[in-house]
Amino acid sequence: MIFFILFFLVLALQRVVELIIARKNEEWMKKRGAKEYGQNHYRAMVIIHTAFFVSLLLEAGFFHSGIHPLWEYLLAGFLLTQAGRIWVISSLGKYWNTKIIVLPDTEVVATGPYKFFRHPNYLIVTVELAIIPLLFNAYWTLIIFAVLNQLILLTRIPVEEEALSRETNYEHVHFSTPGWIGSEKKEK
């Protein structure tokens, strides 16, 4: 139980730090004329991610379903997702955000993980939303939030790609970069 409490607190602290970084980046970009897109689905995304924490706390913490027998491998997988998250955030720098905020006429990032995949952060979150509940045998949390995450991404990714295409050189830079289910580019 101590492992779960420590893990949960570290995860919550990480998310708070990310929100602080996102807020500072948002202020920086908006001072330079950035536009925000997808405000309606962003609220749903925040609700889903907050509910994930509540569900995990209830299922793994309150009902204490124990630790998975292969917890060492799952923890290693989780740590790899965190390394990926840091890579994503550092690659985007001031442009990283939890919201869809686009600074018009800027060069789209095509380095780091963005050289290989158009939406690496969504892949990381998807893997993370599977690994974390599995680590603590929270199977209901795993199933519910794996589905909800994919449903919100089916809305979010097209909105993000449309915004980036409209405001930046995204189409040119990422035309052949692999994407996400439902976000494949059509030939011009």
Side-chain angles (χ1 to χ4, degrees), residues 11-53 78-130 145-188:
L11 190 62
L13 179 63
Q14 177 194 26
R15 293 304 192 264
V16 168
V17 169
E18 287 176 3
L19 289 174
I20 292 168
I21 292 168
R23 183 69 184 141
K24 287 181 181 180
N25 290 347
E26 177 181 359
E27 289 173 10
W28 181 86
M29 290 198 321
K30 285 189 173 176
K31 282 180 184 176
R32 285 155 182 78
K35 300 175 184 176
E36 184 174 349
Y37 294 86
Q39 293 94 329
N40 290 336
H41 79 262
Y42 183 74
R43 287 183 205 100
M45 194 172 79
V46 169
I47 290 168
I48 289 168
H49 284 267
T50 302
F52 171 80
F53 272 88
F78 172 78
L79 294 174
L80 282 174
T81 63
Q82 300 322 291
R85 181 184 298 281
I86 292 167
W87 193 20
V88 162
I89 292 170
S90 64
S91 294
L92 287 177
K94 292 279 190 185
Y95 300 106
W96 179 81
N97 211 292
T98 58
K99 297 178 180 177
I100 300 173
I101 301 175
V102 181
L103 189 57
D105 303 320
T106 54
E107 292 290 318
V108 170
V109 174
T111 60
Y114 293 90
K115 184 176 182 179
F116 309 105
F117 197 70
R118 277 187 279 161
H119 300 287
N121 193 62
Y122 300 141
L123 175 62
I124 290 165
V125 170
T126 297
V127 171
E128 197 178 55
L129 289 177
F145 291 94
V147 170
L148 289 176
N149 182 59
Q150 293 313 300
L151 290 174
I152 198 72
L153 289 180
L154 286 173
T155 299
R156 183 174 178 85
I157 290 173
V159 169
E160 184 172 332
E161 290 194 342
E162 174 63 29
L164 288 166
S165 295
R166 183 181 304 151
E167 304 291 347
T168 69
N169 63 340
Y170 181 79
E171 285 285 331
H172 174 72
V173 172
H174 285 296
F175 181 74
S176 61
T177 309
W180 196 259
I181 299 167
S183 69
E184 292 306 313
K185 298 285 185 194
K186 308 282 187 283
E187 245 184 86
K188 290 184 177 184

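The figures here come from the full heavy-atom set of this structure, side chains too, leaving out hydrogens, waters and symmetry mates. Quick caveat, the model's predicted, so the values are computed rather than measured.
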Once rounded to the nearest 0.5 Å, what's the spacing between atom [atom1] of [X] and atom [atom2] of [Y]?
{"X": "Asn121", "Y": "Thr81", "atom1": "CG", "atom2": "OG1", "result": "10.5 Å"}
{"X": "Leu19", "Y": "Thr98", "atom1": "CG", "atom2": "OG1", "result": "5.5 Å"}
{"X": "Met29", "Y": "Trp96", "atom1": "CE", "atom2": "CH2", "result": "11.0 Å"}
{"X": "Thr168", "Y": "Tyr95", "atom1": "OG1", "atom2": "OH", "result": "10.5 Å"}
{"X": "Leu148", "Y": "Ile152", "atom1": "CG", "atom2": "CD1", "result": "8.5 Å"}
{"X": "Arg166", "Y": "Glu162", "atom1": "CZ", "atom2": "CD", "result": "4.5 Å"}

Got a sec, which residues hit salt bridge (charged side-chain N to carboxylate O under 4.0 Å, His left out) with [X], two or more places apart in sequence or on another chain?
{"X": "Glu107", "value": "none"}
{"X": "Lys30", "value": "Glu26, Glu36"}
{"X": "Arg156", "value": "none"}

(Q) Can you confirm whether the side chains of Glu161 and His119 place a donor and an acceptor under 3.5 Å from each other? (A) yes
Closest approach of [X] and [Y], non-hydrogen atoms and distance?
{"X": "Ala34", "Y": "Ile101", "value": "CB-CG2, 3.5 Å"}
{"X": "Glu171", "Y": "Ser165", "value": "OE2-OG, 2.8 Å"}
{"X": "Gly33", "Y": "Pro104", "value": "O-CD, 3.5 Å"}
{"X": "Leu153", "Y": "Pro158", "value": "O-CD, 3.8 Å"}
{"X": "Val102", "Y": "Ala163", "value": "CG2-CB, 4.0 Å"}

Keeping Asn25 on the side-chain end and Asn97 on the backbone end, is there a donor-acceptor pair under 3.5 Å?
no
*Got a donor-acceptor contact below 3.5 angstrom from the His174 side chain to the Asn169 backbone?*
no
Could you list the donor-acceptor pairs under 3.5 angstrom formed between side-chain atoms of residues 85-94 and any protein atom two or more places apart in sequence or on another chain?
{"residue": "Arg85", "atom": "NE", "partner": "Glu18", "partner atom": "OE2", "Å": "3.3"}
{"residue": "Arg85", "atom": "NE", "partner": "Gln82", "partner atom": "OE1", "Å": "3.4"}
{"residue": "Arg85", "atom": "NH1", "partner": "Glu18", "partner atom": "OE2", "Å": "3.4"}
{"residue": "Arg85", "atom": "NH2", "partner": "Glu128", "partner atom": "OE1", "Å": "2.4"}
{"residue": "Arg85", "atom": "NH2", "partner": "Glu128", "partner atom": "OE2", "Å": "2.8"}
{"residue": "Ser90", "atom": "OG", "partner": "Ile86", "partner atom": "O", "Å": "2.9"}
{"residue": "Ser90", "atom": "OG", "partner": "Trp87", "partner atom": "O", "Å": "3.2"}
{"residue": "Ser91", "atom": "OG", "partner": "Trp87", "partner atom": "O", "Å": "2.7"}

Show me the donor-acceptor pairs, under 3.5 Å and distance only, between side chains in residues 44-53 and residues at least two apart or in other chains.
{"residue": "Thr50", "atom": "OG1", "partner": "Val46", "partner atom": "O", "Å": "2.8"}

Residues passing the side-chain contact (heavy atoms from CB on, under 4.5 Å) test with Ala130, sequence neighbours excluded, are Leu142
Val147 and Gln150: side chain to side chain contact (heavy atoms under 4.5 Å, CB included), yes or no, with the steps?
CA-CA 5 Å; Val147 170; Gln150 293 313 300; over 6 Å; no
Contact check, side chains of Arg118 and Ile157, non-hydrogen atoms, under 4.5 Å = no
**Request:** Decide yes or no for Val16 and Ile20: does some side-chain heavy atom of the first lie under 4.5 Å from some side-chain heavy atom of the second?
**Result:** yes
